[in-house]
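Please read all numbers here as calculations on a predicted model, not as lab measurements. As the structure lists them, so they are numbered: ligands from 1, and atoms in each ligand from 1.
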Amino acid sequence: MTQPQHDDQALWPPVEPISAGLRGCCPRCGEGRLFSGFLTVAPRCGTCRLDYSFADAGDGPAVFVILIIGFIVVALALWMEVAINPPLWVHFLMWIPLTLALGLTALRLIKGILITLQYRNKAAEGRLEQPR
Ligand SMILES: [Zn+2]
């Protein structure tokens, strides 16, 4: 894993990490694309050439999606069951597509935010200092 390239912030004005992450933009210049696929991080920024090899959100986005979307969908399903008491197939018909749509949408947004926050806060794996 290469060292994050953070020593060049004088050349680039600070980018609001939440906004850049939600738009899927580069954490340094705020213009280049962060993703090359739906969830695949591009090798580098097309605008400022920032190397994205530092970007590793790990399981973070999935955890947030499970907790947030799970809470919303389970709460709605419980409310609907108590208030309307529909047949079981109605639950399946409503909550499975909603969970997939919300989960996939939120996964990309949260991954973008976590990577831009990782860049902003210089977060990286812990490592022992190399002897010189
Ligand atoms: Zn960039």
Side-chain angles (χ1 to χ4, degrees):
M1 188 169 174
T2 58
Q3 194 71 12
Q5 302 170 347
H6 297 138
D7 301 333
D8 51 1
Q9 291 188 345
L11 299 173
W12 302 95
V15 171
E16 169 56 46
I18 304 290
S19 149
L22 287 175
R23 290 180 290 119
C25 291
C26 169
R28 180 164 68 179
C29 67
E31 294 172 13
R33 302 177 132 265
L34 183 59
F35 297 103
S36 62
F38 182 67
L39 287 173
T40 308
V41 177
R44 65 184 42 82
C45 174
T47 303
C48 71
R49 312 303 296 166
L50 173 66
D51 184 2
Y52 288 152
S53 61
F54 72 89
D56 181 16
D59 295 337
V63 169
F64 282 110
V65 166
I66 289 168
L67 293 175
I68 295 169
I69 304 301
F71 177 80
I72 292 170
V73 170
V74 168
L76 287 173
L78 284 174
W79 171 82
M80 189 170 161
E81 176 64 27
V82 170
I84 305 172
N85 195 15
L88 194 57
W89 63 267
V90 172
H91 282 292
F92 285 123
L93 204 62
M94 287 189 64
W95 307 125
I96 291 176
L98 182 70
T99 303
L100 288 174
L102 287 178
L104 290 174
T105 304
L107 202 54
R108 183 181 164 104
L109 298 177
I110 291 173
K111 186 170 184 177
I113 291 172
L114 288 183
I115 289 174
T116 53
L117 285 175
Q118 181 185 7
Y119 178 81
R120 165 62 76 85
N121 295 303
K122 302 175 176 59
E125 276 182 48
R127 70 186 82 225
L128 298 174
E129 191 172 340
Q130 297 291 328
R132 296 177 190 208

Original post:
Quick one: does Pro17's side chain get under 4.5 Å of Gln118's, heavy atoms only?
Top reply: no
Original post:
Rounded to the nearest 0.5 Å, what separation is found between the CZ atom of Arg33 and the SG atom of Cys25?
Top reply: 8.0 Å
Considering only distance and modelled atom types, tabulate donor-acceptor pairs under 3.5 Å from the side chains of residues 74-93, sequence neighbours left out.
| unit_1 | atom_1 | unit_2 | atom_2 | d |
| --- | --- | --- | --- | --- |
| Glu81 | OE1 | His91 | NE2 | 2.7 |
| His91 | ND1 | Trp95 | NE1 | 2.9 |

**OP:** Pull up every protein N/O/S atom sitting under 2.8 Å from the Zn ion (ligand 1), skipping waters.
**Re:** Cys26 SG, Cys29 SG, Cys45 SG, Cys48 SG
**OP:** Run through Phe64, Phe38, Phe35 and flag the one making a side chain to side chain contact (heavy atoms under 4.5 Å, CB included) with Lys111.
**Re:** Phe35
Subject >> Minimum heavy-atom distance between Val15 and Pro27, given as atom pair plus value >> reply: CB-O, 3.7 Å
**OP:** Measure across Leu22 and Leu109 and return the closest heavy-atom pair with its distance rounded to 0.1 Å.
**Re:** O-CD2, 3.4 Å
